[in-house]
Amino acid sequence: MRNTVSVTEFLKHQIPPALDLLRQMVGINSFTSNREGVNKLGRFTADCFAPLGFSVEFVPSANPGFGDHLVLTKPGRSQRSIAMVSHLDTVFPPEEEARNQFRWQPEGDRIYGPGTHDIKGGTMMMWLVLQALREQAPAAFEDITWKLLWNSSEETLSQDFGDLCRRRFDSSTLAALVFEAEGRLGEERLMVVARKGRATWRVTVTGRGAHAGGKHWHGANAIVQLAQTVQDIAALTDYSRELTFNVGTVSGGTVLNRVPHEAVAEGEFRAFTPEVYGKAKTALLALGGPGRVRSPADKYACAVKVEILAESPPWPRNPNTDRLAAMWQEAGKELGISVNVEERGGLSDGNWIWDVVPTLDGLGPWGDNDHCSERSADGSKLPEYVEVSSFVPKAALNTLAILRLIERDIAFSRASRQ
Ligand SMILES: [Zn+2]
């Protein structure tokens, strides 16, 4: 009923217009804090998808310093919906792009530039897939309600976009497909089926200041206590359970002739499963309370305060995601592309939605060096790029897998009606 060759041929012809749109997207700086730039990219993106029949809605961010989230919808004949998720923002301030001359730069099969890979290339992948579905499988395309959602501030792990997605999903949402970068292992394309959860934390130690010459024995040294506490935190890392703690920053003290009364450290921890994550959080919080460092004079103890600053929940392996991944593997067989899965340490918007709707991630194109804008003369440092030749096979794979998802759901609902 469908012809893999014609899907691939159709997609090849879509690459020149797709790259032209991508070039214009990359030309709009959309650093998370560049509110105007993010909004400009949102409007441009809405224009790109308008010819496919999508209507636009801008949803303000919870943080007024950030741009609007973008929601594009195309109602289908049925209630059944499929969500596609991407983001508008990048990690590159405009000054940094200018300083490093980091801009749209094709070079052989690569195109360097801010967001070419993370994630404007992913947005272009969505565009290609929807074009292919409309041309090659018009009945399925018209039947489904398509919901496309762009986070304005994914790179800051803002939670309000996850809440927005959850409000738009219901029991007829077949899947949420996240267009973050593809993984690779040799020739295998890796879909993302799990991501670590992450919590950021702050430890504040309050000691007792004292004259470092005259009353040294009266002081309770906050820095010495913090040094002990960060050792305790670092020791919570357990690679056998894929749990990592990172002490990211430390500061403390004021002048050299004072026993310091305050010291602060901040960091994060990450884990794949809710169990490991929960135990890690408990162990971290248990380090709060009176410290071991006390003043020699009267045993005045340093006080250790441990706070969780922000949390993104883990996205563990789960049957719903695995079912989607299996469809991508079957579609890969049809196309002669080998497809496998990976569990990734970094986070995405998938962390906020996997538990309400079957979610699969890593559907974007292949490239590398995300979050890097620098290029060194000897080539040992290269900036972010996307590989042009990765678009067509991946778009064909996504297209055929989505058709499997739609057909299987129809078969399933027919069977359950009988
Ligand atoms: Zn991203």
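Start at 1 and go down the list; that is how both ligands and their atoms are numbered. No experiment lies behind these values; they were computed from the predicted model shown.
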From M125 atom CE to W366 atom CH2, the distance as rounded to the nearest 0.5 Å: 13.0 Å
Contact list for residues 242-255, test side-chain hydrogen bond (donor to acceptor under 3.5 Å, both in side chains), sequence neighbours left out: T254-R258
Aromatic F272 / basic R195 pairing, under 6.0 angstrom, 45° off normal: no
Within less than 2.8 Å of the Zn ion (ligand 1): protein N, O or S atom count: 4
No-hydrogen, no-angle side-chain donor-acceptor test under 3.5 Å, S152 and D68: no
Residue pair S153 / S158, side-chain donor-acceptor N/O under 3.5 Å: yes
Salt bridge present between R317 and E343 (N-O < 4.0 angstrom): yes
